[in-house]
There are 2 protein chains.
Amino acid sequence: MKVLHDDCLTLLPTLEEDSVQLVYLDPPFFTQKEHFLRTRDNSTEYSFKDNWRSLEEYLSFMQNVLSQCKRVLKKSGSIFFHCDKAAAHHLRVLLDSVFGSKNFQSEIIWAYKRWSNTKKGLLNSHQTIYFYSKSADFKFNTIYTAYSPTTNIDQILQARRRNGFGKVVYHRDEEGQVILAKEKKGVPFSDVWSIPFLNPKAKERVGYPTQKPILLLERIIQISTDSGDTVLDPFCGSGTTLVAAKLLGREYIGIDSSIEAIRLAEKRLTEPVKTDSQLLFTGETSYLEKTDYERAILKSIDALPVERNSGIDGFLRSYIEGSPVSVRIQKQNEDLETAKQKLLRASQSKNCAVMILVRTHRTTEWLNYAQEEPKIMIIDSYDLVIEEWLERRKTIEVTSADK
Amino acid sequence: MKVLHDDCLTLLPTLEEDSVQLVYLDPPFFTQKEHFLRTRDNSTEYSFKDNWRSLEEYLSFMQNVLSQCKRVLKKSGSIFFHCDKAAAHHLRVLLDSVFGSKNFQSEIIWAYKRWSNTKKGLLNSHQTIYFYSKSADFKFNTIYTAYSPTTNIDQILQARRRNGFGKVVYHRDEEGQVILAKEKKGVPFSDVWSIPFLNPKAKERVGYPTQKPILLLERIIQISTDSGDTVLDPFCGSGTTLVAAKLLGREYIGIDSSIEAIRLAEKRLTEPVKTDSQLLFTGETSYLEKTDYERAILKSIDALPVERNSGIDGFLRSYIEGSPVSVRIQKQNEDLETAKQKLLRASQSKNCAVMILVRTHRTTEWLNYAQEEPKIMIIDSYDLVIEEWLERRKTIEVTSADK
DNA sequence: AGGGAGCCTGAATCCTCAA
DNA sequence: GTTGAGGATTCAGGCTCCC
């Protein structure tokens, strides 16, 4: 339970051999720049340098760190090495050479959505964590997750076997009764982790650059240690790893070369703050407010769906007359006038020159809104057109039959 | 447009320099087997040196391949290298040395869900594709996706600027009116792609275990080439890349050292109709058959897409008057009469009481087919309705301005 | 030409105001 | 007071532009 201030190459050799269950490393990524960030109240600026004379210098430094990490690790211990695209491949070559390629366990992909930028090409939205063990006999706690909603309950509960043709079928006894499968715990964790990026507005943020979400560290600690085990973070920064370790009842050792970081980590440890991600808590689907039907209509007019707005369902991708075009789909149990008013009100502040209202059923057939309100275009949904055509056809048939 | 049979190191030098826009590499399995055998028996019997030597051989072979790929690539061209995770880091080091690390564009993560196994540790559920360009001036078509559901529309639509204190605020004019941002088309694609593995049924039909999902290749081809460009796959296997290229209107060159693979690829290419409908007629994987636009229209009228029928694009899920309803969407460069004839002919044997023809552009406005042919319902596409509404609006404005 | 300052972007939060 | 809809804010990365 200590937070130590010095270069980790100085301090690591002072730690006892075979004493640590988990090493988590979040070193500089070889971005070749200095990272700054201010606290929300603007009082303090934290920074760290990630400038190196060459890749060789960087790798040689990391090699020394890794050798020390291996020394202090218990035989059943593991190392999780956090890196990004800048040097991930070189670092994995290094890890292979220090820990042995046979001790490679996983390439964990931390995938997240984040605000975009103007990069040509694909938006970067993942970082890599290499998971190596010290030996084949490493500690690992399998965590099970819920089955995906598309898995049906029979698949989970019923035993299966191959029938005469080699096809897998549900197992039943002679009387046709279902045979239950062995107890199942869920789906084991995969190596692709979708964890929200620590949002700029999150209270969990302490103003230290490159801060990682506590949730990410909790997961690493849970799969590789038991309570009472020791966790080491040689580049602890603001101390996220230590906070996670403390919350989970693990011992911890943190090292950082910046005294500001150490002070911040110590402060966080006395009063740890973990905010629950609203998104993670409620799930992304809770933000989705449209039916499949509405989405299909939006897609077929190449409109972008928009959530969190009760008046507007989407926007056309292209502007008309220099301004955006809002789209609303008439809801069930909503008459056209109401739909129109909602669309108008919501679009008011958006400077729309034209609005599109998709009529899905006919409640006020006699009105001709297109004339009345020249900014609103009313389109009949395909369904409505088909329905009315069929009705008209029936009438015609009846009429001709009458003759 | 050729499929060549020989070792790619023999054939690549015969290809013209600066002639190819995209190289997709999915290297052969035999080297992987070697690698897997070593990791599977998990013994330390194999000395590091032995393994290193075979790895070196492999890398030296790949280095030659990559040099040739670079030679045949146009200056604006790109290479997508699909890696086996066991050697991904070594291959990226190689790619760095051949193409230059400054031409590294993305590490694409292909993430998928998979049935769990009993492996200790995390479930592998991703593969890596490295994306390098030949120069800084590479071709790239950005694909835009929907905004996150947590995003509110103000930040998309409103322009922002810095106020006196350097803080970013929404831009407003003197009267406090919102100032619009430039037109936005959505969020650019990220480097983490969730694409399901091939549907097991489809897999069964082709019998090619290493086959990649067609959607994956389609996406790669779309972001890095335009129609008419040439795609090269030096390890083409069953030819999925070539089929995708052909159906997207790209030229293609495929190479494989296995004569069985070449024969299969050639067969798929000469009769893509049959083979691919077999491959793809298993529900959601029908990505190549229809344009997104057509699929969206079919979905919004709740119609099931039909693959590879030159007259019919889909059927309504529900029958009308006891018989199926065929749907056709008027193609670009096709006049309504032609569309109608094709639909009629294709529907003849299907006993349709009603047919739906979606008009997407107006070539023969004066005709009223609904009267003439009571079995065919003609629906104007949303796009067409919008377009004509805007034109009418313009006319009205001009007229009122005249007054 | 090269380096640094500043701009643009949107995810997910916080905050405000109205009902 | 309570709720919640929707407006406002922050951050980092890659770009462009300017000196």
Side-chain angles (χ1 to χ4, degrees), chain A residues 29 31-42 45-48 50-51 84-86 111-127 194-213 215 273 275-284 286-287 289 304 306-312 315 326 342 345-350, chain B residues 102 104-106 136 140 142 144-163 165-172 176 178 180-191:
Chain A
F29 289 169
T31 56
Q32 293 292 32
K33 59 179 120 173
E34 195 170 354
H35 297 254
F36 300 93
L37 195 61
R38 291 188 155 274
T39 52
R40 189 74 25 87
D41 61 13
N42 236 351
E45 184 177 74
Y46 295 103
S47 69
F48 70 85
D50 186 15
N51 300 92
D84 87 344
K85 61 189 168 53
Y112 44 81
K113 270 188 171 171
R114 216 189 37 176
W115 54 95
S116 63
N117 58 31
T118 46
K119 180 179 189 283
K120 178 182 179 183
L122 301 162
L123 213 54
N124 298 329
S125 52
H126 75 275
Q127 290 174 17
S194 280
I195 293 180
F197 198 83
L198 199 55
N199 193 267
K201 296 290 285 184
K203 275 187 184 144
E204 191 176 305
R205 273 191 184 261
V206 293
Y208 196 83
T210 74
Q211 187 183 345
K212 303 293 179 293
L215 189 58
V273 175
T275 54
D276 289 313
S277 158
Q278 196 59 36
L279 177 68
L280 214 59
F281 183 69
T282 55
E284 187 173 87
S286 73
Y287 289 87
E289 297 157 334
L304 284 164
V306 167
E307 313 290 340
R308 300 191 54 204
N309 190 295
S310 58
I312 298 173
F315 282 93
S326 54
K342 284 193 172 169
R345 190 148 15 120
S347 305
Q348 210 160 29
S349 64
K350 311 294 184 273
Chain B
K102 68 178 190 311
F104 167 80
Q105 298 301 339
S106 283
F140 190 86
T142 306
Y144 294 95
T145 58
Y147 290 93
S148 158
T150 58
T151 305
N152 56 327
I153 51 189
D154 306 287
Q155 56 181 312
I156 301 167
L157 293 177
Q158 296 183 31
R160 280 170 289 177
R161 64 186 184 100
R162 278 174 202 282
N163 68 8
F165 307 101
K167 286 184 74 173
V168 175
V169 293
Y170 285 131
H171 201 356
R172 290 176 185 275
V178 159
L180 290 174
K182 278 177 291 183
E183 195 174 70
K184 307 219 176 148
K185 301 212 179 300
V187 185
F189 242 94
S190 94
D191 58 4

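Treat the numbers as computed from the prediction; the structure is a model and nothing was measured. Residue numbers begin at 1 in each chain, while the letters A, B, ... track the order of the sequences.
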Enclosure of A:Lys203 NZ (heavy-atom neighbours >12, cutoff 6.0 Å): no

Let me spell it out: for each of A:Lys119 and A:Thr39, pick the nucleotide of DNA chain D with the closest heavy atom. Which residue's pick is nearer the 5' end? A:Thr39

In this structure, how many angstroms lie between the [atom2] atom of [N] and the [atom1] atom of [X], rounded?
{"X": "A:Asp50", "N": "D:dA12", "atom1": "CG", "atom2": "P", "result": "14 Å"}
{"X": "A:Phe36", "N": "C:dG4", "atom1": "CZ", "atom2": "C1'", "result": "12 Å"}
{"X": "A:Lys212", "N": "D:dC11", "atom1": "NZ", "atom2": "C1'", "result": "14 Å"}
{"X": "A:Gln348", "N": "D:dG6", "atom1": "CD", "atom2": "C1'", "result": "15 Å"}
{"X": "B:Lys102", "N": "C:dG2", "atom1": "NZ", "atom2": "P", "result": "13 Å"}
{"X": "A:Tyr46", "N": "D:dC11", "atom1": "OH", "atom2": "C1'", "result": "17 Å"}
{"X": "B:Tyr170", "N": "D:dG7", "atom1": "OH", "atom2": "P", "result": "9 Å"}
{"X": "B:Gln158", "N": "D:dG6", "atom1": "CD", "atom2": "C1'", "result": "11 Å"}

Is the A:Phe197 ring parallel, tilted or perpendicular to the A:Trp115 ring (thresholds 30°, 60°)? perpendicular

Counterpart residues, salt bridge (charged side-chain N to carboxylate O under 4.0 Å, His left out), relative to [X] (two or more places apart):
{"X": "A:Lys113", "value": "A:Glu284"}
{"X": "A:Glu34", "value": "none"}
{"X": "A:Lys212", "value": "A:Asp26"}

Residues in side-chain hydrogen bond (donor to acceptor under 3.5 Å, both in side chains) contact with A:Ser349, at least two apart in sequence or another chain: none

How is A:Lys350 classified with respect to the nucleic acid when contacts are heavy atoms under 4.0 Å: base, sugar-phosphate, or nothing? sugar-phosphate

Report which part of the nucleic acid A:Arg345 touches: base, sugar-phosphate, or nothing (heavy-atom distance under 4.0 Å, all strands). nothing

Taking atom CD of A:Gln127 and atom CD1 of A:Ile195, what is their separation to the nearest 0.5 Å? 11.5 Å

Nearest-0.5 Å distance that lies between atom CD1 in B:Ile153 and atom CD1 in A:Ile312: 4.0 Å

Any A:Asn124 side-chain N or O less than 4.0 Å from OP1/OP2 of D:dG13: no

Does A:Ser310 have a side-chain nitrogen or oxygen under 4.0 Å from the phosphate oxygens OP1 or OP2 of D:dG6? yes

Bend of the helix from C:dG2-D:dC19 to C:dA19-D:dT2 from end-axis comparison, five pairs per end, nearest 10°, comes to 30°

Please step through salt bridge (charged side-chain N to carboxylate O under 4.0 Å, His left out) for the pair A:Lys350 and B:Asp154, ending with a clear verdict. CA-CA 8 Å; A:Lys350 311 294 184 273; B:Asp154 306 287; 3.3 Å; yes

Reading nucleotides 9-19 of chain C 5' to 3', which nucleotides get B (base under 4.0 Å from a protein heavy atom), which S (sugar-phosphate only), which -? BBBBBS-----

